[in-house]
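Working notes for the structure below.
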Amino acid sequence: MASLVSSPFTLPSLKQDQLSSLAQKHYFLHSFLPKKSTNQTTITTTTSKYSIKCAAVGNGLFTQTTQEVRRIVPENKDNLPTVKIVYVVLEAQYQSSLTAAVQSLNKTSKFASFEVVGYLVEELRDKDAYKTFCEDLEDANIFIGSLIFVEELALKVKAAVEKERDRLDAVLVFPSMPEVMRLNKLGSFSMSQLGQSKSPFFQLFKKKQGAGFADSMLKLVRTLPKVLKYLPSDKAQDARLYILSLQFWLGGSPDNLQNFLKMISGSYVPALKSQKIEYSDPVLFLDVGIWHPLAPCMYDDVKEYLNWYGTRKDANEKLKSPDAPVIGLVLQRSHIVTGDEGHYVAVIMELEAKGAKVIPIFAGGLDFSGPVEKLLIDPVTKKSMVNSVISLTGFALVGGPARQDHPRAIEALTKLDVPYLVALPLVFQTTEEWLNSTLGLHPIQVALQVALPELDGGMEPIVFAGRDPRTGKSHALHKRVEQLCTRAIRWGELKRKSKAEKKLAITVFSFPPDKGNVGTAAYLNVFSSIYSVLKDLQRDGYNVEGLPETSEALIEEVIHDKEAQFSSPNLNVAYKMGVREYQSLTPYATALEENWGKPPGNLNSDGESLLVYGKQYGNIFIGVQPTFGYEGDPMRLLFSKSASPHHGFAAYYSFVEKIFKADAVLHFGTHGSLEFMPGKQVGMSDVCYPDSLIGNIPNVYYYAANNPSEATIAKRRSYANTISYLTPPAENAGLYKGLKQLSELISSYQSLKDTGRGQQIVSSIISTAKQCNLDKDVDLPDEGEEISAKERDLVVGKVYAKIMEIESRLLPCGLHVIGEPPSALEAIATLVNIAALDRPEDEISSLPGILAETVGREIEDVYRGSDKGILKDVELLRQITEASRGAVTSFVEQTTNKKGQVVDVKDKLSSILGFGINEPWVQYLSGTKFSRADRAKLRTMFEFLGECLKQIVADNELGSLKQALEGKYVQPGPGGDPIRNPKVLPTGKNIHALDPQAIPTTAAMQSAKVVVDRLIERQKVDNGGKYPETVALVLWGTDNIKTYGESLAQVLWMIGVRPMADTFGRVNRVEIVSLEELGRPRIDVVVNCSGVFRDLFINQMNLLDRAVKMVAELDEPAEQNYVRKHALEQAETLGIGVREAATRIFSNASGSYSSNINLAVENSSWNDEKQLQDMYLSRKSFAFDCDAPGAGMAENRKVFEMALSTADATFQNLDSSEISLTDVSHYFDSDPTNLVQNLRKDGKKPSAYIADTTTANAQVRTLAETVRLDARTKLLNPKWYEGMMSSGYEGVREIEKRLTNTVGWSATSGQVDNWVYEEANNTFIKDEEMLNRLMNTNPNSFRKLVQTFLEANGRGYWETSEQNIEMLKELYSQVEDKIEGIDR
């Protein structure tokens, strides 16, 4: 049994005998294992029914089950003809039914004996299983396939069956991918023309290849006579038998399947044709209805069902009372008719045992939206008859594994308007395989049954049923079922409880742990937002007793005394939890002792009790979530796997659930640590910490709209209903100080350059540019050097282009407050940027493109000229940019009223168009050189901008929160960058990511080629014309969601392969691009995937690994294929095979995130750079292997180091204007620049590049250029820091964070110029007025700022005068005294 807990985050130090005592308590999953059955059949394949193998054993795949448990070989004593049947199915629910049918036929049949063998489609990944499958087909009579929707496996099935198709007596394929459907053949009936033929029969398939597909087949069954009119008679007979086969198959019971086999073998197996084999017609079940295991029949009317429910003898009065909570269940009919419904029965019984009425509905097809509307909504009142709904199918509501129709699903769920949970039965793994896997759920199941239901607004992907390896039957996992049912009832209770009695625990974060950091969240003014939420809830009838008058007073009360040090107990203590109480409330407390010792420990404790920090107002508790706890310990930061939560962390959630008794918890802002605790990646078990911590509390989570990837982790690992909030309105960075002076000098040069003063002005431009440190970015001649007029234009053009780049950079100004959308005028910069992108799919041309056409130029051409510093192009681009801003501004002013609110844009537009008044943008442009711009294109663009404007200023964030707290359905919506994808707006949606198999898209591949070509060009220029042999790069989750896989596509293009999409647009394979087409060598890559990317896109990691290995095995010359060149060298050095040596796709161990360099830098808990590099190597050296995908992430440090040691360049992407290099610590946390230098034999520093695709004009800059651009537009820019200061307490922290992140870049790359620190010191320390504002607003964050300056100097990143350092030291002791003094 010990191997049950062999996952890395449990108790490896326990001995066998200790375990058994533990096992009697409630920690582990023994309750999950199937009970021993009495009628044990002997199985030859496994030694013992309970031998638990570790996930990495055997074939390294996700499942070790084999076809042999589904093989029946008849004894055939009477020498009857043998009919051999081979079947392939997605799920195992047909296994027991088909086995029973065949066994009973073999007992009774007088005409033939039946041999049968079945394969789960997933098993065909295994080479041996596939070989046996091909051999089985060689002497088979009949092939049956159903629900084969995974392309790489569908192609394997197609290849094998195609070989035998002509010889086989019958081939029957039920709903699957078109490639497999075309294999169908029954006599003269064939589907080889599927999707091409004109006949109405085929049109049905063509139109409905997806959601409605199975439904159209069901309709087909009813419309048969009409269809058969069009077919010749023998064809009509064969088509009729195909339809009957489908009815038998969908009817799924052993009886139906027995008659199905009789019919097919009697009609098509030559040896049996002479015998008239009798068979009965299919027993038809309802297509849509209500099923209950104790009911006498299936019901198609909810009233009849409820009448029966009311007369039940076995149910107690409480269950029949009108006050009982009602839970709707959505079931798959195939499980019910095949008798594989044990897991459904368990959920129904558990809900009823907990006092809830159940309405379990089912459908025979793949579209459940109709049944939901028909059976769960009262036809008269149109109100929902249930309090919450759990789908136990695991599939999207409409379309199952095929094409989905999310808008239709959302429409049905919006009418229903209750929380919608989608729980998961294991499909591709057995219970034991899932328990032992660190990944958790199989990636394809994650894609089909977690990612797709999220697009419908589904939540809580709890694994509630396992699969028996022998019978293939599903069985309930009792502890999971109990949790699922409790959570569904708790969500339902939110609809039933009155607002006045509802309790809400608002949880804020403090990261890194310091008094000045309480209430950290990306882009959010947390306390002002909480204040606005509480005011609103109070108006709405919630009990928020004692709420202070202002948000400042609220900060005071929660932090109690924000000037106090964090280590002093001066955060307000809401509750002291004694050790015994803690242990009795926290069943998993002993599991934490391995990492943290006995409770209470020294985190969140006073040495005797555990302390919960926060403050209660009536029924609202505002609490501070504890942090990871190891951020200050350099040794722990080096561990490759993250530690469990500490006792203080566990105590916080035990308090919220069991003492405060919250009805819901609201996690406030992006993001906390709960969802990043160790455990499986997706599909948690009882011993996964996020699952244990959140317990049974409904979790609502405010998440930044531009961070869908981490929001998705919160949904999957902490069961959160994530509600998006807007990032602050963006503005252009503008120019200040010397940069402003430069821009004035340039405009005077343009008007006076042909007079005698040109040379003199250029000298001033050069000297001012040097004072502004622009000489690092632009090659400037020496002052006073004589240069020709043409060269003067070029120098001015280059400086001008740089200044324009700084001026037009977008920055979010200030911090967002929930419930305060931006005004229309604040939205202008965002709209200008939305207008700057071409949107060919909507037939919208970009505004700069339309304006450039007016003067006979292509906008791309203008961008390129401006990049080169050609003065007339830089000037033209400035005019285009100004005209765009002017036109958008005039449009916005026209569509807003005097209060600055947006009035109905459509009406406003039509009245403008109707009266022949000139449109505002046309009026504006008439005064510029672009007056002849194409009016129709402009109108299309501005109608689109009008829609966007309405969404930007919409206020949904508070409304959606209230819906969630009232147990209603929160509409889903994509997360991402509102500029690239305005569908992200309005905020206040339940954020989802995208179908992980849909990326990279064709458009992403196009953009990727441009960036890769620019990167290689740039590297050749900087590197004496040589190609880079290896590029080390990073893949981020959010970036790939926002850009639909651009950086993923960059990797593919570097190594020279292209992704191939299947019929459903899913990308599961690649093809090689020839060296001729590529026109350059294949570049080797070392890919570091963030932990979040690993969780969301494990399919794509598989794709990348397959691609790299494919390229390494190509027979090409080494100087044309660097992947092969290096893999061969590394294979020889390490004595391993080429495939293993070509391992290039790395990340963290499962359940761990980040290299921890960010934590070390933020908490100053590191000694030297070598220590940071060790963290990177120890935490990031886990490789994904496409040959053993089920083994998860395996450590492969040797290959990782060797691959990194060949890197000539390091590379990252910036994809949206809101997040840049110094805004978050993630970017430097993943930067290996200095590390590569240490690993390279020649000790040469690699070039470091950053691709910037935040604007239509994509750029590849060096890391140093990007850090300078960032410093100029953010940290040193008055517009930015004054915007931050206007947020008060939180604003000071944001300024300090940017400086700390800059030190992070110095530590990992050494690419920060001295002047950046010097200017920052002048701005924040030497300016006395500024210094006092910072110190008084948030003394703790100010202390950290001073400390960071001293640290930058002490570590050798900033050289400055002695007096500056003395002044900083003096300041440090002053601010210490101030903090301590107030303390006393």
Exercise for the section: Test S1230 against Y1176 for side-chain hydrogen bond (donor to acceptor under 3.5 Å, both in side chains), laying out the working first. Expected result: CA-CA 8 Å; S1230 282; Y1176 191 94; 5.6 Å; no
Exercise for the section: Apply the test ring pair (Phe, Tyr, Trp, His ring centres under 6.0 Å) to residues F1324 and F1349: give CA-CA distance (whole Å), side-chain angles for both, the deciding distance (0.1 Å), then the verdict. Expected result: CA-CA 11 Å; F1324 300 111; F1349 275 119; 7.5 Å; no
Practice task
Check the pair N1234, K1170 against side-chain hydrogen bond (donor to acceptor under 3.5 Å, both in side chains), reporting the backbone distance first and the verdict last.
Solution key: CA-CA 9 Å; N1234 283 351; K1170 167 102 184 49; over 6 Å; no
Practice task
Tell me, with the steps shown, if E1282 and S1286 meet side-chain hydrogen bond (donor to acceptor under 3.5 Å, both in side chains).
Solution key: CA-CA 6 Å; E1282 287 299 343; S1286 67; over 6 Å; no
Problem - Evaluation steps, side-chain hydrogen bond (donor to acceptor under 3.5 Å, both in side chains), between T1222 and D1270 - result: CA-CA 7 Å; T1222 56; D1270 227 32; 2.7 Å; yes
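One N or O on the side chain of Q625 and one on the backbone of S673 form a donor-acceptor pair closer than 3.5 Å. Counting only distance, with no hydrogens or angles, the side chain of R1355 and the backbone of N1167 share a donor-acceptor pair below 3.5 Å. Looking at N1336, its side chain does come within 3.5 Å of a backbone N or O of N1332 through a donor-acceptor pair. Using a distance-only test at 3.5 Å, with no hydrogens or angles considered, a donor-acceptor pair links the side chain of Y736 to the main chain of R1272.
With respect to V665, the side chain to side chain contact (heavy atoms under 4.5 Å, CB included) criterion is satisfied by exactly one of L504, L674, I697: I697.
With rounding to the nearest 0.5 angstrom, the CE atom of M1284 is 14.0 Å from the OG1 atom of T1337. Atom CD of E710 sits about 8.0 Å away from atom CD of E675, to the nearest 0.5 Å.
Classification of the F660-F621 ring pair by plane angle, with boundaries at 30° and 60°, yields tilted. Ring orientation note: the planes of Y725 and H816 are close to parallel, at an angle under 30° on the 30°/60° scale.
For A720, the side-chain contact (heavy atoms from CB on, under 4.5 Å) partners at least two apart in sequence or on another chain are N699, Y701, A714, S718, T722. Residues forming a salt bridge (charged side-chain N to carboxylate O under 4.0 Å, His left out) with D1327 (at least two apart in sequence, or on another chain): none. Among residues two or more places apart in sequence or in another chain, the side-chain hydrogen bond (donor to acceptor under 3.5 Å, both in side chains) test is passed with Y652 by T507. Taking the side-chain contact (heavy atoms from CB on, under 4.5 Å) definition, one finds that N732 meets it with E807, S808, L810, A829, R885, sequence neighbours left out. Partners of K1369 under the salt bridge (charged side-chain N to carboxylate O under 4.0 Å, His left out) rule, at least two apart in sequence or in another chain, do not exist in this structure. In this view, E1318 satisfies the salt bridge (charged side-chain N to carboxylate O under 4.0 Å, His left out) rule with no residue, not counting sequence neighbours. With sequence neighbours left out, K598 forms a salt bridge (charged side-chain N to carboxylate O under 4.0 Å, His left out) with E593. Applying the side-chain hydrogen bond (donor to acceptor under 3.5 Å, both in side chains) criterion to N1148, with sequence neighbours excluded, gives K1180. Applying the ring pair (Phe, Tyr, Trp, His ring centres under 6.0 Å) test to Y617 and every residue at least two apart in sequence or in another chain returns nothing. Judged as a ring pair (Phe, Tyr, Trp, His ring centres under 6.0 Å), and not counting sequence neighbours, W1166 has no contacts. Every residue two or more places apart in sequence or in another chain that forms a side-chain hydrogen bond (donor to acceptor under 3.5 Å, both in side chains) with D1229 is listed here: S1155.
Pairing each heavy atom of H646 with each of T627, the nearest pair is NE2-O, 3.0 Å. Of all heavy-atom pairs between N1156 and M1175, the closest is O-SD, 3.9 Å.
The shortest side-chain heavy-atom distance between F668 and F509 does not fall under the 4.5 Å cut-off. Side chains of L1159 and S1165 form no contact here, defined as non-hydrogen atoms less than 4.5 Å apart. Side chains of H647 and S605 form no contact here, defined as non-hydrogen atoms less than 4.5 Å apart. Under the 4.5 Å side-chain criterion, counting only non-hydrogen atoms from C-beta, V573 is not in contact with D606. Contact annotation: the side chain of R809 never approaches that of I806 to less than 4.5 Å [non-hydrogen atoms, C-beta and beyond]. Residues L585 and I659 meet the side-chain proximity criterion, which asks for heavy atoms closer than 4.5 Å. Side-chain contact between L1331 and F1342 is present, with at least one heavy-atom pair separated by less than 4.5 Å. Contact annotation: the side chain of V1092 never approaches that of W1036 to less than 4.5 Å [non-hydrogen atoms, C-beta and beyond].
For Y653 and F649, the gap between ring centers is short of 6.0 Å. Separation of the Y1227 and W1305 ring centroids does not fall under the 6.0 Å cut-off.
Sequence neighbours left out, the pairs with a member in residues 725-734 that pass salt bridge (charged side-chain N to carboxylate O under 4.0 Å, His left out) are E731-K1279.
Counting only N and O atoms by type, the side chains of S532 and E820 include no donor and acceptor under 3.5 Å apart. Side chains of K1344 and N1338: a donor-acceptor N/O pair is absent below 3.5 angstrom, by distance only. Side-chain atoms of E1319 and T1323 include no donor-acceptor pair closer than 3.5 Å. One side chain, T1038 or N707, offers a donor N or O that lies under 3.5 Å from an acceptor on the other. Between E1351 and S1164, the side chains place a donor N or O and an acceptor N or O closer than 3.5 Å (distance only, hydrogens not considered). Of the N and O atoms on the side chains of Y531 and E549, not one donor lies less than 3.5 Å from an acceptor on the other residue.
In summary, K1297 and E1294 engage in a salt bridge, as defined by a charged side-chain N under 4.0 Å from a carboxylate O.
In this structure, K576 places its NZ atom where only 12 or fewer heavy-atom neighbours from other residues, nucleotides or ligands lie under 6.0 Å away.
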